[in-house]
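The chain is numbered in sequence order, starting from 1.
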Amino acid sequence: TWFKRSIAMGEVTGYVGGEYSIGMAYKNGLGVTPDLDEAFKWLEKAANKNYAEAQLEISIFYQKGLGSIAIDLDTSFNWLVKTAENGHYIAQRILGHHYRLGSEHWFENSAAEGDGESIEWAGKLYLKQENFKAAAFFLGVLKRMGNKDAESLWNKHELSKYGNFE
């Protein structure tokens, strides 16, 4: 079956994405009987090899206490940080929300990946900090994309005087 071939291929080639896919198949019952503990085993293999998607899943396992994994918010958070440091935009956004102040780094990284919600949060965060040039940049990107909230904020705070980023 495709499943056994994926396992064999991953073991032979070391392709980490295969381990992640097998873990997700067990988690979601895709072609196999759902088994959260087996899912965790495969996802953890991929996560330990710095596969960001698997790292995020491991964080969720610890956050929610899935399968036989006990809820452990510290471990969940540590995996989330690893995921964000590995460039995963959703993890970066989650950390940005978590930290709020001082979160520019995570929002900017996630925004650079094209995440519209992070672009908006970065713009609003910079407005709150009265860093109008940075706010103009992020909100200008959204305004150019047709975001009416960004356009409203752009006009309200007269951001055009801080640069033409639209």
Side-chain angles (χ1 to χ4, degrees), residues 1-126 128-129 134 137-139 141-142 145-150:
T1 67
W2 71 268
F3 192 73
K4 289 180 181 175
R5 283 186 298 224
S6 294
I7 292 172
M9 183 121 156
E11 288 173 351
V12 170
T13 65
Y15 175 60
V16 181
E19 293 170 338
Y20 167 76
S21 295
I22 293 166
M24 292 306 291
Y26 274 116
K27 182 180 180 194
N28 298 313
L30 301 173
V32 295
T33 302
D35 184 333
L36 292 175
D37 293 329
E38 190 68 15
F40 182 86
K41 179 181 94 173
W42 286 99
L43 291 168
E44 188 177 41
K45 285 182 182 186
N48 284 327
K49 294 175 184 172
N50 289 324
Y51 196 78
E53 294 288 341
Q55 290 173 329
L56 184 60
E57 288 296 326
I58 293 297
S59 175
I60 293 167
F61 265 78
Y62 282 109
Q63 177 193 18
K64 295 182 177 182
L66 300 177
S68 64
I69 303 300
I71 292 176
D72 184 338
L73 297 180
D74 289 335
T75 301
S76 175
F77 184 78
N78 289 337
W79 276 109
L80 185 64
V81 170
K82 286 179 189 178
T83 308
E85 289 173 344
N86 206 9
H88 195 282
Y89 76 94
I90 293 173
Q92 292 168 343
R93 180 192 325 145
I94 293 167
L95 282 179
H97 286 296
H98 179 76
Y99 287 117
R100 295 287 183 183
L101 295 175
S103 62
E104 298 90 348
H105 169 75
W106 297 114
F107 280 129
E108 286 178 4
N109 284 350
S110 185
E113 296 292 326
D115 181 54
E117 188 175 326
S118 293
I119 295 169
E120 182 176 357
W121 275 100
K124 289 178 178 178
L125 178 67
Y126 283 122
K128 188 173 185 177
Q129 295 174 352
F137 173 77
F138 286 102
L139 293 173
V141 169
L142 284 177
M145 293 167 57
N147 184 302
K148 297 297 180 192
D149 291 334

How far apart are the closest heavy atoms of [X] and [Y], and which atoms are they?
{"X": "V32", "Y": "A25", "result": "CG2-O, 3.5 Å"}
{"X": "P34", "Y": "G29", "result": "CG-CA, 3.6 Å"}
{"X": "A150", "Y": "L142", "result": "CB-CB, 3.5 Å"}
{"X": "G23", "Y": "A39", "result": "O-CB, 3.2 Å"}
{"X": "A91", "Y": "A84", "result": "CB-N, 3.6 Å"}

Nearest 0.5 Å, please: how far is [atom2] in [Y] from [atom1] in [X]?
{"X": "F138", "Y": "I119", "atom1": "CZ", "atom2": "CD1", "value": "7.5 Å"}
{"X": "I69", "Y": "I60", "atom1": "CD1", "atom2": "CD1", "value": "13.5 Å"}
{"X": "S21", "Y": "L30", "atom1": "OG", "atom2": "CG", "value": "10.0 Å"}
{"X": "S76", "Y": "L56", "atom1": "OG", "atom2": "CG", "value": "9.0 Å"}
{"X": "E85", "Y": "L80", "atom1": "CD", "atom2": "CG", "value": "10.0 Å"}
{"X": "Y62", "Y": "N78", "atom1": "OH", "atom2": "CG", "value": "10.5 Å"}

### Query
Step by step, would you call I58 with F40 a side-chain contact (heavy atoms from CB on, under 4.5 Å)?
CA-CA 7 Å; I58 293 297; F40 182 86; 3.5 Å; yes

For [X], side chain to side chain donor-acceptor pair (under 3.5 Å) partners two or more places apart:
{"X": "S68", "answer": "D37"}
{"X": "N86", "answer": "Q55"}
{"X": "D149", "answer": "none"}
{"X": "K41", "answer": "E38"}

### Query
Among pairs that include at least one residue of residues 52-74, which meet salt bridge (charged side-chain N to carboxylate O under 4.0 Å, His left out), considering only residues two or more places apart or in two chains?
K27-E57

### Task
Just jot down the salt bridge (Lys or Arg N to Asp or Glu O under 4.0 Å) partners of K124, sequence neighbours excluded, or say none.
E120

### Close side-chain approach of K49 to E19, heavy-atom, < 4.5 Å
yes

### Steps toward side-chain contact (heavy atoms from CB on, under 4.5 Å) verdict (L43, Y20)
CA-CA 5 Å; L43 291 168; Y20 167 76; 3.6 Å; yes

